[in-house]
Amino acid sequence: MAERVRFWLLDINYEDTPQGPEVYLWGIDKQGRRVVVVDREFLPYFYAVVSGEADPGEVLRRVEAASKPYGLVKCELVDRRLFGKPVKAVRVVLRNSENLEKCAEDVGKLEGVSECLEDDIRLSVRYLIDNGVNPCDWNEVEASERSVGELRVDALYTAKGKAQPVEEELPPPDLRVMALYMVARASAGSPKAERDPVVVLSTLNSEGELKTFTADGLSDKELLESFVEYVLRYDPDVIVGYGSNKVLWPYLMKRCELNGVKLSVGRTGAEPHTSLYGHVSITGRANVDLFDFVRDIPDIKLKTLESAAEFFGIPRPEEELGVEEYEVPRLWDSEEGRGRVVRFAEERVRMVMALSDSLLDFAVQLSRVVGMPLDYVGTAAVGFKVENFLMRQAYRFGELVPKRVERPYMPYVGALVLKPKPGVHEDIAVLDFSSMYPSLMIKYNISPDTLVPEGEEAEEVYTAPEVGHRFRKEPPGFYRRVLSELLKVRSEIRERIKKLDKSSRLYRVLDARQRAVKTITNACYGYAGWTGARWYIRPVAEATTAWGRATIRETIKTASELGLEIVYGDTDSVFVKYDPEKVEEFLKTVEERIGLRIKPDKIYKRVLFTEAKKRYAGILEDGRIDIVGLEVARGDWAEIAKRVQRDVIEIILREGDVRKAVSRVREYIAKVKSGKVPLKDLVIWKTLTKELDEYKVRAPHVEAAKRLLEAGWELTLGDKVGYVIVKGPGRLYEKAKPYVMASPDEVDTDYYVKKQVIPAAMRVLKVFGVRERDLTSTTLFSYSM
DNA sequence: GCAATCCACGTACCG
DNA sequence: ACCGGTACGTGGATTGCG
């Protein structure tokens, strides 16, 4: 008996069987039952593009013959587009996905076939695209129920028709979330799965149940077994962790392997496995590593669980254990320490859950918007998210997906940045073009498929300034269609949530969705200029920035015609003296002349510029202070230096009192000299951007990294190294010591005064004629403001 | 021979 | 594995003086 099954799609996977592939759609239905729908009707395929001069019928026969040995199901001639150009293609449908790429390779060599496309799209991705099925949203399918057998679900269905999205906007179901935090005991440095057991594994679920597993003796076998049992008993939909893709799951997998424990936590009873983009996949559930989302929040400089929690205003644990993560394994050796480690793990798992409350909505909506399953939307780089989104759109337009090809890097000219007028300015309005690059791409129909190749005749084109690339005015290009849709969807959502209660579930969901849409919209220009992009066409990116520069130049010209003084500008913004009438006139004129929306973003009561571009600080009417580009905004300065600079900026912007600022700096200097500053505030964090042996010059953070490695710590590319500068002779890199190995009394306080505190303070103070000796001596100084 | 100067390297920011 | 534009500290090579 077939019935209509509605389900919210949580995970998708497929298995090849001799009879063909089986696609598994894991979800939650309206009654809150965990269900899986198996679709056996969906077959893999690719396209063989017919060369312009070849006879399609002839090519079809040739392709058919060549595909036979690969389990051909059918071959058909279809009309598609490639970069906007109509093409004939043979759609080759095979029984099994294993043979797809091999078959395409053979077919690609045939006469009359210019290339094969889309053989590199995974079947599960293909399924989502072709059926328009949305991960993290409601879909439905005609299906008949069967017995669930071994599967860990409430119901199993066999699809009798094609799955499709539910058009109606429905709230998501309540997800069962489980947070994890693991402590392994390391003898030195980082724990090694081959050697060091897991000693504590804390879990917390969305019902508030906290369950901690501990290892008593040397073996963690029982811990692992009871954990697996518990996961199956609670049956989470989403498992969240912090660093779980790279550390937690691989660690558990290795420990289970060594202990002969089956880590069968998936809904098929399968063990976790590493999959696309390096995420760990747990069949039937969504494994979400919150670190992946924190990584993409630039305001969180240090990507630790604590600083992420702090950023989201998550209250610190009640019991301040004063334990650093790196000390935990050592504590395990003492009787008293073990209790602390357990409480530590439990505090941390609460933080993971709290972080999930702040991030999961966005993750879910990002998955929904780009159409990638929830478990790997976080691990995929921005470029791939955009691309996944574009692939779904391309299918709707009958556009073939271009192959990924390796290309040489070819730089092009970017945005225009104005020199600031140094000093303090009063009442400055920041005016910016909203979504400038997307808007320009829409306005001038900039797109891979509208570009007129050099030398080709065409009328009715837009010609980019400076670079001369031409784009057909009609029909609307791929990017114009996609971007207008994105902008429209976002503004609709924003309009809709205005009427909603901010604390309501729907508000949170829709707000997260509009942020996800914004993320993708803003990334489209960058995607267009990425040589790794399937739809990369350099002139597209180059023309976009060229029109951007022309736009801002025209804006500047308009301002000067209206007698409006511009004090700064960057890419899509101008900072002007806030004269309300003039500004209004200006905004109107710019919109008329250029045809793009420009609006006041913020108004600074006071704003301070140094000589440098991209660095300033301003105070708003409500007293909030923005600090842009300066040391305060950077993650690679010691906290103490940033604090000095923040204080100086605040004093100057709020009170205009340079003298007070100077004496504040003097206080800080005295404090640093006295050695009263905690080590934590002296740590400098820098990222390892390449393998240690690839560095051409010796650098402090690289030397510190080497010392950590020697001491048994694990460090990989992309990790941040925290070090302090200690007393001693020689180069700076010889004096850099990992902060976990340093003690407060060996700190080179002189370095922190001369190279951290003073430069950070002087950056701002030299605007007022303050000299370095004004900070180090106690004599009087003069200044002007 | 050595200090001053310059430039490349490296990192992180802005929009 | 998203773009180019920009600032700035540090190391190391080069330059300039003698």
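Residue numbering restarts at 1 for every chain, and letters A, B, ... go by the order of the sequence lines. As the structure is a computational prediction, the values presented were derived from the model and not from experiment.
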In whole Å, what is the span from the CD atom of A:Glu387 to the P atom of C:dC3?
13 Å
Give the residues of residues 428-438 of chain A touching DNA chain C, defined as any heavy atom closer than 4.0 Å, sorted by residue number.
none
Strictly by salt bridge (charged side-chain N to carboxylate O under 4.0 Å, His left out), give each pair with a member in residues 690-702 of chain A just once, sequence neighbours left out.
A:Arg698-A:Glu703
Hits for ring-ring contact (aromatic ring centres under 6.0 Å, His included) against A:Tyr525, two or more places apart or cross-chain, chain-then-number order -> A:Tyr437
Give every residue pair that meets the ring-ring contact (aromatic ring centres under 6.0 Å, His included) criterion with at least one member in residues 594-615 of chain A, sequence neighbours excluded.
A:His425-A:Phe609, A:Tyr568-A:Phe609, A:Phe575-A:Phe609, A:Phe609-A:Tyr616
Closest to the A:Ala612 side chain: B:dA12, C:dA7, C:dA1?
C:dA7
Whole-Å distance separating the CG atom of A:Asn388 from the P atom of C:dA1
18 Å
How many Å lie between CE on A:Met762 and P on C:dA7, as a whole number?
18 Å
Report which part of the nucleic acid A:Gly532 touches: base, sugar-phosphate, or nothing (heavy-atom distance under 4.0 Å, all strands).
nothing
Expected rows: protein N/O vs nucleotides 10-14 of chain C N/O, under 3.5 Å:
residue	atom	partner	partner atom	Å
C:dT10	OP1	A:Tyr751	OH	3.2
C:dG11	OP1	A:Leu732	N	3.3
C:dG11	OP1	A:Tyr733	N	3.2
C:dG11	OP2	A:Arg731	NH1	3.4

Among C:dC8, B:dG10, B:dC14, find the nucleotide with the atom closest to the side chain of A:Tyr695.
B:dG10
Please output the side-chain donor-acceptor pairs of residues 517-524 of chain A that fall under 3.5 Å, not counting sequence neighbours, one pair per line with the distance.
residue	atom	partner	partner atom	Å
A:Thr519	OG1	A:Arg515	O	2.8
A:Thr521	OG1	A:Val517	O	2.6

By ring-ring contact (aromatic ring centres under 6.0 Å, His included), which residues pair with A:Trp547, not counting sequence neighbours?
A:Tyr444
With A:Tyr578, which residues qualify under ring-ring contact (aromatic ring centres under 6.0 Å, His included), at least two apart?
none
With sequence neighbours left out, what residues match A:Trp685 under ring-ring contact (aromatic ring centres under 6.0 Å, His included)?
A:Tyr739
How many Å lie between CZ on A:Arg615 and C1' on C:dG5, as a whole number?
14 Å
To the nearest Å, give me how far apart CG (A:Leu688) and P (B:dC9) are.
19 Å
Nearest to side-chain heavy atoms of A:Trp530, which nucleotide of C:dC2, B:dG15, B:dA12:
C:dC2
Grab the CG-P distance between A:Leu416 and C:dG5 for me, whole Å please.
10 Å
Without decimals, in angstroms, what is the distance between A:Lys385 NZ and C:dC3 P?
15 Å
All salt bridge (charged side-chain N to carboxylate O under 4.0 Å, His left out) counterparts of A:Glu118, not counting sequence neighbours:
A:Arg126
Does A:Lys301 place a side-chain N or O at less than 4.0 Å from the phosphate oxygens OP1/OP2 of B:dC13?
yes
At under 4.0 Å, does any side-chain N or O of A:Arg763 touch on OP1 or OP2 of C:dA7?
no
N/O to N/O distances under 3.5 Å, protein versus nucleotides 5-7 of chain B:
none

If you check the A:Val628 side chain, which of B:dG15, C:dA1, B:dA12 turns out closest?
B:dG15
Phosphate-side-chain proximity, A:Lys690 and B:dG10, N/O vs OP1/OP2 below 4.0 Å:
yes
Distance below 4.0 Å between A:Lys613 side-chain N/O and C:dT6 OP1 or OP2:
yes
With the threshold set at under 4.0 Å for non-hydrogen atoms, list the residues of residues 513-525 of chain A touching DNA chain C in residue-number order.
A:Ala523, A:Tyr525
